[in-house]
Amino acid sequence: MKSFEYSAPRDEAGVLSVLSAEAGHTEILAGGTDLIGLMKKFIVTPDRVVNIKEVRSLRGIDADSEGVTIGAVTNLDDILESPHLNEFPSVQQAIRNMSSPQLQAQGTIGGDLCQRPRCWFYRNGYGRLAAASLIADGDNRFHAIFGNEGAAKFVSASRLAPALVALGAEVRIIGPGSQDELFMPLASLFQTPRTEWQRETVLEPNQLLTHIRIPRQGAANGTYEVRHGEGPDYPLVAASAALRVESGIVRQAAIVLGQVAPTPWFSADAVRAIVGRPVTEVTADAAGEAAIATATPLSGNGYKVQLAKVAVKRAILSAAGLETGGF
Amino acid sequence: MANYVWPKFGTATVIGKRHDRVDGVAKATGTAKYAYDINPAGMIIARLLGSPHAHAKIKSIDLSPAKKVPGVVEAVALKKADDELLFQGEEIAVVAAESEAAAAEGVAAIKVEYEVLPHFVNDTDLAAAKAAGMTGKGGKNISLAKEPGDDDDEDEFTEKEINRLLKESAVVVEGEYGIHMITHMCLEPHGSTCEWKDGKLVAHLSTQNVSGTGPQFAGPLGITADDVTVHCDYIGGGFGSKFAADTWGVACAELSKKTGRPVKLMLDRDQELKIAGNRPSGFLKCRVGADKNGVITVWDSEQWGTAGAKPGVVSEKVVPYVYEPKNRRVISHTIKTNRGLVRAWRAPNHPQACAMSQTAIDDIAAKLGLNSLDVFKRNLVHVANGKAEVYAAQMDVAARLIGWNDKWHLHGKGPKKGSIVEGLGLAIHTWGGGGHTSKCTIRISPDGGVSSTLGSQDLGVGTRTAIAAVVAETFGLTIDDVQVNMGNSKYPASGPSGGSTTIGGVSESNRRGSLDALDKLLAVVAPKLGVTADQLEAKGGRIQVVGSPSKSLGWKEACSLLGMNAIEAQGEYVRGSKDAKTGADSKLSNSQVGGVQMAEVAVDLDTGVVKMKKFVAVQDVGTIIARKQAESQVYGSVIMGIAYALFEEQIMDQASGAFVNCEIADYKLPRLGDIGDIVVEMYEPESEYNRGVVGIGEPPVIAPGAAISNAVANAIGVRVSTLPMTPQRVLEALKGRKA
Ligand SMILES: Cc1cc2nc3c(=O)[nH]c(=O)nc-3n(C[C@H](O)[C@H](O)[C@H](O)COP(=O)(O)OP(=O)(O)OC[C@H]3O[C@@H](n4cnc5c(N)ncnc54)[C@H](O)[C@@H]3O)c2cc1C
């Protein structure tokens, strides 16, 4: 690990005052479960590390009639245990599936959303976008099957993003100026980087994600992850669905896939396929089929297309409270 | 001299019983110190620089930038200009520093210029390997019932005869089977903490070979083995990969000598995976003929695989596995690849051989529409290790425990619930497991204290507990009464823990030493009780007259008769040795075990995910010393078997030559939720007890690959040709069927 300067401010303004505008200079430390590993391998080599876990306002869960607000450094286990989340089983399922007491106790929601790409070339020091040709010609069995036409072929690995995006979550962002405050849909936080200096979120180096807000929209929701095993490994493919059902017919839907693209992947095709129809095995399957119509698998990950189809189908069935028919 | 035997069947009070580990509390509370936990005052930390390339030549190495990093104390090159690097991670230099972070920064600062050379990491494609000139001479295992005539060309005759037999077979299975390379993945990585005291080296080494690694340090360091003490009280996994001092161990000692400070050098996780050992891969193509009952009439196969950067391959001698039909032709080819070097992995050759061949036997059953269990049973006529009857009996036990007859359905013909189907599979295994050479000192103190001291090691399998059980049994005491001293190379030498030889070896030496020590004690006690020594026995914490327990002394009181003189007796066993007087084999230990394993799985046809439902392992084992620990060997083996059957694989990127899943987050292993219900059943009629002790550290890890593969094939109706059976491979196999 490269030597670095350490700072642990106590309030949001204090954080902003030590974040550098220069990309790569400063890293934000939350639970550290992702960042520390990257620093140990010299993949991320900041000059300064800013620990945000001492900032009181960033921790905790508040609820009112319109929604639930979660501070960025709230631990995943605290989220899992909060009764405020009971109407969002899609979030709870995703956390439970992590199956890791360590990650759940130490990892934070902000860190989960902002974790760096899952790509073994990136994590072994071959670069993130620089590895594009390595990925295209190499072992890409876990890489992207959507949105992979550019240099970014890694997958966004956030476990909570599919559920939160599907639920229409918003985020609060502060900085760079001490008075700057911004609210935007979580979906817009993510971007596919086009240059090495662009990150996977639109956050500037001197901006901070402070809160995530899930609106209460009364949507039935569910997450289905295709997991190789029961342990703390990333799913092979994940999908989350939020459905507004009236008189047995889906009136509105949001379907988001995870582990399939450089960002959480919103499937408009799947939405079109399910809206206006009742949720049945057949309609859910059709939505799964629609979701993969535009998939662009790489040389070695065609099987993920099948998994994506099944994940969408099962997320919809699970949201509707029906049996998925699989594990 | 005492008669070296175990108590008569059914009379033992300590051995064969269930005991908690004597070191269980120390381990659970963290007071047990592993090499990684040894932190002498003034210690510095060393890290290793490994090759970033799969194949390269070093043009130059410059350590000076590393030495300038604040905190770095010393740096040493292990390679020089013009040296060739044959695989990713190969050792280049070491850096010692005041902190781990500074050492890592020092390693990153080393300037190495490489000439990158073409690499080859593909072990699945024999034609590609031949084209690349990477294949080497393998071996042949050919046997035919019919002899060639004098004028016949042998190869031609074999070819003709094999083809004739295949033609005459009722059914021919043509199949391809494979099993990828895996690494040992020890949770405690390889490494040591070394310090010098008065010109002598003390190495705290994570090792399976306490008595044997001293010379490996001494040679390169220019000292004698006498000047080296190797310590290892506890070890966090070895599985066959920790027999050596290793270049990094010697480098650690050297750094310590140079700096005059204790040095710790443990491999990083990725290094542990890249350079600390692997299990060779194996891929096999076969044509197997059988009669209408599924009994093999002829076996013809060709196999290949890699053992890494040096030639090697799964031995053709154990293919087809356990079943050795008289008519067979097995040909092997080695493939050299730019991958790390092979090290022994639990039951070398056997798991791969089993997975590559007993799968074909199951495919015979599938093709003929027969019950796999019947076919495996009928083929026992081909078993050449003398255990056919034992296997048959074990198959019945396993079948009952898994509910084979109730659950069996023909391949691919089971009911489907949603997208889930279930299946059953079995496989059998064999292993030697005879005891290794072992010496120990048994001591009885005048205050009643009892100890055994030997340069053995407890790999976490319960060797300490087993030794305590042997000594306690002999003295009529309990295991808590026995102090076991091990893990020090200055103690009487005992063999390395490999080949499932430890329990046999240490049971031999400790039973012998204890019986001899007891004889000496009885000789002292006899006059006091007014009998001769041969009328005495040690039982229930007392020395008593056989048949009249009222005439006795408590153990302590008996020992107090020793006055100032403790009893010390050397227990010694030389591997394979016969009784000096009678020339008979030792009655204390034996070799050759077998076992039958059955798997029940569920498969999600839409995702290719396989889940273990139940696994039954029936194992014969000879005399059981410590029952819980013996069972643990089987549990652990089965879990490791599930790992390589469903999860574990060294993934090499063909284009870059990189070992891409070399981190714990990417190297998939099963977790508790993945192993299902494991049932361990020791097969132990009286005849087994009377055989003596046989090691089972390895045998139960052999058959899970084939058993689980067969269960998956039974569930889904097609063969997933290669292990591990990841969702991807299962889906691809299913697609093959539909296409
Ligand atoms: C073995 C292993 C397995 C894992 N398995 C999973 C898994 O199955 N699913 C999964 O989703 N994750 C997994 N992770 C990744 C990670 O540990 C978790 O996602 C965790 O929730 C990250 O949270 P953290 O607080 O520890 O993040 P940190 O490591 O502290 O931060 C992660 C990244 O986000 C940035 N960041 C953190 N907070 C903020 C903020 N408020 N504003 C702006 N930037 C911020 C950091 O600078 C850093 O780049 C795994 C990690 C390991 C080591």
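Here is how names work: the chains are called A, B, and so on, in the same order as the sequence lines, proteins then strands, and each is numbered from 1. What you see is a predicted model; the values in this text were computed from it and never measured.
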Original post:
Under a 4.5 Å heavy-atom cut-off, does chain A meet the side chain of B:Val730, its backbone, both or neither?
Top reply: neither
Which side chain or backbone donor-acceptor pairs connect chain A with chain B at less than 3.5 Å?
residue: A:Ser3; atom: N; partner: B:Glu105; partner atom: OE1; Å: 3.3
residue: A:Ser3; atom: OG; partner: B:Glu105; partner atom: OE1; Å: 3.3
residue: A:Lys41; atom: NZ; partner: B:Glu663; partner atom: OE2; Å: 2.8
residue: A:Arg118; atom: NH1; partner: B:Asp666; partner atom: OD1; Å: 3.3
residue: A:Asn124; atom: ND2; partner: B:Val660; partner atom: O; Å: 3.0
residue: A:Tyr126; atom: OH; partner: B:Gln88; partner atom: NE2; Å: 3.1
residue: A:Asp139; atom: N; partner: B:Asp653; partner atom: OD1; Å: 2.6
residue: A:His228; atom: NE2; partner: B:Leu646; partner atom: O; Å: 2.8
residue: A:Glu230; atom: N; partner: B:Asp674; partner atom: OD1; Å: 2.6
residue: A:Glu230; atom: N; partner: B:Asp674; partner atom: OD2; Å: 3.2
residue: A:Glu230; atom: OE2; partner: B:Lys611; partner atom: NZ; Å: 2.9
residue: A:Asp233; atom: OD2; partner: B:Arg671; partner atom: NH1; Å: 2.8
residue: A:Gly300; atom: O; partner: B:Gln728; partner atom: NE2; Å: 3.1
residue: A:Gln306; atom: NE2; partner: B:Asp606; partner atom: O; Å: 2.8
residue: A:Arg314; atom: NH1; partner: B:Asp604; partner atom: OD2; Å: 2.7
residue: A:Arg314; atom: NH2; partner: B:Ser419; partner atom: OG; Å: 2.9
residue: A:Arg314; atom: NH2; partner: B:Asp604; partner atom: OD1; Å: 3.1
residue: A:Arg314; atom: NH2; partner: B:Asp604; partner atom: OD2; Å: 3.1
residue: A:Gly325; atom: O; partner: B:Ser419; partner atom: N; Å: 2.8
residue: A:Gly325; atom: O; partner: B:Ser419; partner atom: OG; Å: 3.1
residue: A:Phe327; atom: N; partner: B:Asp604; partner atom: OD2; Å: 3.2

Original post:
Quick one: what part of B:Ala602 sits under 4.5 Å from any heavy atom of chain A, side chain, backbone, both or neither?
Top reply: both
**OP:** Name the region of A:Phe42, side chain, backbone, both or neither, that has any atom closer than 4.5 Å to a heavy atom of chain B.
**Re:** side chain
Original post:
Pick from A:Gly300, A:Gly125, A:Pro232, A:Ala311: which one has the most heavy-atom pairs with chain B under 4.5 Å?
Top reply: A:Pro232
Subject >> Beyond-backbone contact of B:Pro727 with A:Val226, side-chain heavy atoms, under 4.5 angstrom >> reply: no
Subject >> Under 4.5 Å from any heavy atom of chain A - which part of B:Ile420 >> reply: both
Subject >> Region of B:Phe659 that comes under 4.5 Å of a non-hydrogen atom in chain A >> reply: backbone
Original post:
With sequence neighbours excluded, what pairs up with A:Ala163 under the side chain to side chain contact (heavy atoms under 4.5 Å, CB included) test?
Top reply: A:Ser90, A:Val91, A:Thr223, A:Ser240
**OP:** Identify, with sequence neighbours excluded, every residue that meets side-chain hydrogen bond (donor to acceptor under 3.5 Å, both in side chains) alongside A:Thr108.
**Re:** none
Subject >> Residues which pass ring pair (Phe, Tyr, Trp, His ring centres under 6.0 Å) with A:Phe146, listed by chain and number, not counting sequence neighbours >> reply: A:Trp265
**OP:** Check each atom of B:Ala108 against the heavy atoms of chain A and say whether the ones under 4.5 Å are side chain, backbone, both or neither.
**Re:** side chain
Subject >> Interchain contact, B:Pro52 with chain A, by part (heavy-atom threshold 4.5 Å) >> reply: backbone
